[in-house]
Amino acid sequence: MTTHTHSYNSGEYIRVDGTNFSIAQISASGQCFRMTEQEGGWFQVIANGQRLRLKQEQPSTSNKCQKNSVILMDCSEADFQTIWKSYFDLNTDYRRFLTGIDPADTYLQSAVAYGSGIRILRQDLWEMIISFIISQQNNIRRIRKCIETICTHYGTKIDHINDVNTCSDSFYLFPTPEQLATATEDELRALGLGYRSRYLVETARSIASGEISLDALKSMDYPSARTELLKLCGVGAKVADCICLFGLHHLEAFPIDTHIRQVLTSHYPDGFPFESYSGYEGVLQQYIFYYDLNSSH
DNA sequence: GCCCAGGACCTAT
DNA sequence: ATAGGTCATGGG
């Protein structure tokens with residue numbers, strides 16, 4: 001992976017080469033709900049207290065393999081090195097997870113080939129807790145909508161002024177535990193959060209009060225963190241595993257939702273070979289999920 | 001109208 | 001322990 005810095009009228013952007021990384025696949029993989037497609041092939045993600053714009057350049061040759069494409073990120077070299085490189089988990093070589101699949105497992109081979117370019121992002125723990133409480137018995141489109149709603153009502157507004165044409169451009173950060181703890185159940189229900197409103201209020205207060213410590217969770221191994229997360233209202237086995245995988249980067253967490261359960265029963269009637277992929281089961285889970293959700297096979 | 005969407009809680013056995 | 005009913009909302 002190599003980077004090059006370029007400047008433009010009011011800042012600089014980074015060209016990243018050789019990442020084996022697909023923005024579109026990450027965006028569609030249902031792990032990062034605040035990563036959205038914009039016009040002209042650009043995406044944006046709001047994370048780490050800021051907004052990043054990014055775009056994948058199509059390879060000029062007829063080879064459309066995204067592994068070798070270039071990614072543009074609207075940020076400084078310093079921010080890329082200290083923030084975004086880690087956020088997108090670009091220091092991890094995913095080939096070691098994907099090249100050792102059992103050749104006889106044609107379904108998993110297909111899933112891994114279909115989703116090559118997906119990575120497990122290193123997202124904010126608190127944001128993952130709330131996001132995946134909202135995700136239960138819900139579809140991705142409405143999950144995104146619900147999250148944007150609580151961001152605009154309880155999160156900090158960030159204003160950007162475009163010097164060229166003086167049009168304002170603003171976005172909202174994900175609310176802090178303290179900010180969300182000011183919400184009432186009735187407020188959230190009025191905003192369309194439904195029966196999950198009570199879960200959000202109680203969990204926000206558990207975290208804001210320190211009853212459950214985010215820092216403590218970050219220092220725990222997977223089994224301990226999972227057990228601790230199950231104490232939160234609205235967090236069951238599946239949501240706890242999503243939080244462990246996406247918010248704590250415990251790659252051995254294997255969330256079993258409706259899609260995964262159906263794949264396991266139809267393609268692995270004798271059991272999924274977890275032992276063969278010990279330590280990174282969750283990476284494969286995400287490839288199976290993406291494949292099942294988007295390939296329409 | 002019915003069914004489903006990255007399930008969890010509550011209650012009754 | 002565990003099985004069944006209930007919970008909001010929006011789209012197909």
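Letters A, B, ... mirror the listed sequences (proteins, then strands); counts begin at 1. All values derive from a computational prediction rather than experimental measurement. Just so it is clear, the values below take in all heavy atoms, side chains as well, and ignore hydrogens, waters and symmetry mates.
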Tell me the interatomic distance from [X], atom [atom1], to [N], atom [atom2], rounded to whole angstroms.
X: A:K145; N: B:dA5; atom1: NZ; atom2: C1'; result: 14 Å
X: A:F33; N: B:dA5; atom1: CZ; atom2: C1'; result: 12 Å
X: A:I130; N: B:dG6; atom1: CD1; atom2: C1'; result: 16 Å
X: A:D186; N: C:dA8; atom1: CG; atom2: C1'; result: 14 Å
X: A:N138; N: C:dG11; atom1: CG; atom2: P; result: 12 Å

Ignoring backbone atoms, test whether [X] places a side-chain nitrogen or oxygen under 4.0 Å from the OP1 or OP2 oxygen of [N].
X: A:R142; N: B:dC4; value: no
X: A:T258; N: B:dC4; value: no
X: A:R141; N: C:dG11; value: yes

Look at [X] together with [Y] and state whether they make a salt bridge at an N to O cut-off of under 4.0 Å.
X: A:R51; Y: A:D159; result: no
X: A:E211; Y: A:R205; result: no
X: A:E148; Y: A:R144; result: no

Base B:dG7 to side chain A:Y195, donor-acceptor N/O within 3.5 Å cut-off: yes

hbond_proxy A:Q136 side chain to B:dA8 base (donor-acceptor, 3.5 Å cutoff): no

Stacking of A:Y199 on B:dA8 base (centres under 5.5 Å, planes under 30°): no

Out of B:dA5, B:dA8, B:dC9, whichever nucleotide has its closest atom nearest the side chain of A:K238: B:dA8

Parallel, tilted or perpendicular: rings of A:F171 and A:H160 (30°, 60°): tilted

Between B:dC9 and C:dG10 - C1' atom distance, rounded Å: 23 Å

Spacing of the P atoms in C:dT6 and B:dG6 (rounded, Å): 24 Å

